[in-house]
Trainee: 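Got a structure here, written out as structure tokens. Questions coming.
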Amino acid sequence: MSKTAQAPAVDLAPDPSRWKALAFIALAQLMVVLDATIVNIALPSAQKALDISDGNKQWVITAYALAFGGLLLFGGRIADLWGRKRTFVVGLLGFAAASALGGAATGEAMLLGSRALQGAFGALLAPAALSLLAVMFTDAKERAKAFGIYGAIAGGGGAVGLILGGFLTEYLNWRWTFFVNIPFAIIAAAGAYFVIREPSGTRNRSPLDVPGVVLSTLGLVSLVYGFTRAESAGWSDTLTVGMFVAAAVLLLAFVATEAKVKHPLLPLRVVTNRNRGGVYLSLGLAIIAMFGLFLFLTYYLQVVKGFSPVKTGFAFLPMIAGMITGSTQIGARLMTRVPPRLLMGPGFLTAGIGMLILTQLKMDTSYAGLILPAQILLGLGMGTAFMPAMSLATIGVEPRDAGVASAMVNTSQQVGGAIGTALLNTIAASATTAYVTSHAATAKSVELLKLQAMVHGFTSAIWWAVGILFLASAIAVTLITTGSPGSGPVSGDGDAVEDEVRIPVVAH
């Protein structure tokens with residue numbers, strides 16, 4: 001008897017309340033994505049209120065990123081083992097409690113501890129949310145719509161965070177950027193508890209791979225911290241280099257362990273599949289480019305153009321509109337008709353062209369004339385590409401591997417975000433310094449020179465982001481070879497799906 005035949009019977013009947021469930025899953029995903037940017041807006045106010053030093057302020061972001069990125073694979077495996085609905089609800093309630101702790105913080109240690117807790121519960125919540133969609137939406141057309149909505153939120157939520165963060169910080173208090181998560185989490189948890197019915201036979205009750213958990217967590221934490229430290233201390237810093245070496249050793253040991261153990265944390269079939277590997281790689285690269293853009297455009301609009309935090313948030317609205325349109329109107333409508341690579345490749349290419357327009361930024365650049373069309377192209381391209389990427393990353397996997405496959409999507413995004421912030425920031429800083437050095441003698445004003453140098457630094461880094469998006473497009477077209485899913489039921493056949501993602505007919 002084959003491995004597939006021995007697997008527990010999977011309940012393939014669609015859940016009648018699946019669309020209601022999607023609303024609560026989408027709300028939870030919005031909360032997690034919002035949190036990635038909302039705290040950035042509030043950071044200066046929180047730093048001042050709690051007397052956090054300049055050297056330690058980065059830990060408000062880093063503590064969350066390390067816990068979230070380091071524990072994602074573990075969180076995905078817990079979802080497969082413990083049940084995705086239960087993991088999802090526990091993750092939400094834990095995230096709400098950690099947010100309450102952050103909002104009530106009386107000192108630096110309490111704030112940093114709450115951020116680490118948010119990251120840990122986010123690592124439970126994020127893969128559980130995506131894997132619930134993967135096992136609940138089995139019809140290809142319905143799956144396309146569901147992942148279109150999810151992809152739009154995953155792509156555009158960060159920009160919404162800038163608007164909400166600006167409002168809360170400007171008109172209320174920085175603490176509300178934490179407290180705002182509590183109603184989101186409670187509504188989503190209550191809705192999930194009463195509405196979600198997880199299909200039977202989709203759990204993975206194998207014993208937990210403890211060596212895999214330890215090696216993957218330490219390896220990912222080392223990698224994320226290496227990039228985070230490189231941004232502030234430089235790439236040649238001893239500890240930065242040490243973190244990268246440690247990450248390489250630990251992650252290689254993790255791969256070797258997973259190839260040998262009977263019940264691996266991350267079955268290598270999940271990542272060695274050509275299509276899923278192409279998704280993880282191209283998505284990670286696209287996130288590198290996007291994270292750098294959010295950072296540079298936020299600084300450009302606030303520092304150079306003098307926009308308020310709220311006005312800056314609203315300036316990102318065209319990108320959000322583009323992402324929603326690309327995801328729900330282009331990606332979702334075409335996903336069952338054309339191969340995913342014909343959405344992802346052109347999607348990343350379109351986003352790259354939008355990014356290319358932004359290389360022309362000057363101090364007196366018109367928002368309507370240059371930034372607006374660039375954002376629309378970026379949003380449309382990213383939305384169109386994200387939607388099939390989210391779906392393809394979990395298609396064809398055995399239901400019992402859905403949690404860990406979903407965790408890999410989040411891991412590629414998290415590591416991509418850490419790399420993007422560090423790499424593009426370093427490139428921008430180097431270009432800014434070089435510009436100041438070469439123009440100092442002829443500068444009419446020190447302040448003007450600083451602003452000109454800043455814009456030059458941004459455009460230099462944006463050129464790299466253009467190249468990264470074009471590379472993501474090439475990888476998507478080259479590696480992702482699966483055809484269009486059609487409109488039949490979507491199911492996984494595990495080890496049998498190695499060279500292509502197939503949509504097998506349900507066995508009688």
Side-chain angles (χ1 to χ4, degrees), residues 33 37 148 151-163 282-301 304-305 307 312-331 334 341-362 365-390 413 416-417 420-421 423-424 427-428 455-477:
V33 177
T37 51
I153 290 169
V160 177
L162 294 170
I163 299 173
S282 60
L283 196 60
L285 286 168
I287 293 292
I288 289 175
M290 284 301 289
F291 260 67
L293 174 75
F294 275 134
L295 189 73
F296 298 144
L297 215 46
T298 300
Y299 271 95
Y300 174 81
L301 292 171
V304 179
K305 304 299 274 187
F307 284 22
T312 300
F314 275 107
F316 280 98
L317 274 178
M319 193 187 297
I320 301 172
M323 281 182 175
I324 292 170
T325 304
S327 193
T328 60
Q329 300 306 309
I330 301 174
L334 295 179
R341 69 176 181 275
L342 296 186
L343 290 173
M344 290 180 66
F348 289 138
L349 192 63
T350 301
I353 293 168
M355 196 74 83
L356 185 64
I357 293 171
L358 288 174
T359 60
Q360 304 307 305
L361 274 181
K362 300 282 188 294
T365 291
S366 156
Y367 175 84
L370 189 136
I371 298 172
L372 177 64
Q375 284 200 53
I376 291 170
L377 284 173
L378 271 160
L380 282 172
M382 283 296 196
T384 302
F386 269 32
M387 190 264 137
M390 292 289 180
Q413 289 178 298
T421 305
L423 178 66
L424 297 178
I427 292 166
V455 175
H456 174 73
F458 292 164
T459 54
S460 300
I462 289 170
W463 273 109
W464 281 77
V466 171
I468 291 167
L469 280 170
F470 286 173
L471 178 60
S473 174
I475 287 170
V477 171

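Numbering of residues begins at 1 and proceeds along the displayed sequence.
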Trainee: Taking the side chain as every heavy atom from C-beta outward, state whether M290 and L378 have any pair of such atoms under 4.5 Å apart.
Mentor: yes
Trainee: For L361, does its backbone N or O pair with a side-chain atom of T365 as donor and acceptor, under 3.5 Å?
Mentor: no
Trainee: Identify the heavy atoms of F316 and L297 that sit nearest to each other, and give their distance.
Mentor: CZ-CB, 3.8 Å
Trainee: State, to 0.1 Å, how close I353 and F470 come at their nearest heavy-atom pair, and which atoms those are.
Mentor: N-CE2, 4.0 Å
Trainee: Between A476 and M344, what is the shortest heavy-atom contact and its length?
Mentor: CB-CB, 3.9 Å
Trainee: Heavy atoms, side chains only, cut-off 4.5 Å: are Y300 and I371 in contact?
Mentor: yes
Trainee: Is the closest side-chain heavy-atom distance between T384 and T350 below 4.5 Å?
Mentor: no
Trainee: Quick check: closest heavy atoms across A289 and M355, and the distance to 0.1 Å?
Mentor: O-CE, 3.7 Å
Trainee: What's the separation between atom CD in Q329 and atom CG in L334, rounded to the nearest 0.5 Å?
Mentor: 10.5 Å
Trainee: Please report the closest heavy-atom contact between A321 and T325, naming both atoms and the distance.
Mentor: O-OG1, 2.8 Å
Trainee: Take atom OH in Y299; do more than 12 heavy atoms of anything else shown fall under 6.0 Å from it?
Mentor: no
Trainee: Where do P373 and A368 come nearest, in terms of heavy atoms and distance?
Mentor: CD-O, 3.4 Å
Trainee: Calculate, to the nearest 0.5 Å, the distance between atoms CG and CD1 belonging to L424 and I288 respectively.
Mentor: 8.0 Å
Trainee: How about L283 and F386: do any of their side-chain heavy atoms sit closer than 4.5 Å?
Mentor: yes
Trainee: So, does Q375 use its side chain to make a donor-acceptor pair with the main chain of A315 at under 3.5 Å?
Mentor: yes
Trainee: Using atom types as modelled, flag every donor-acceptor pair under 3.5 Å from a side chain in residues 459-469 to any protein atom, sequence neighbours excluded.
Mentor:
| unit_1 | atom_1 | unit_2 | atom_2 | d |
| --- | --- | --- | --- | --- |
| T459 | OG1 | V455 | O | 3.2 |
| T459 | OG1 | H456 | O | 2.9 |
| S460 | OG | H456 | O | 2.8 |

Trainee: Rounded to the nearest 0.5 Å, how far apart are CD1 of I357 and CG of L377?
Mentor: 5.0 Å
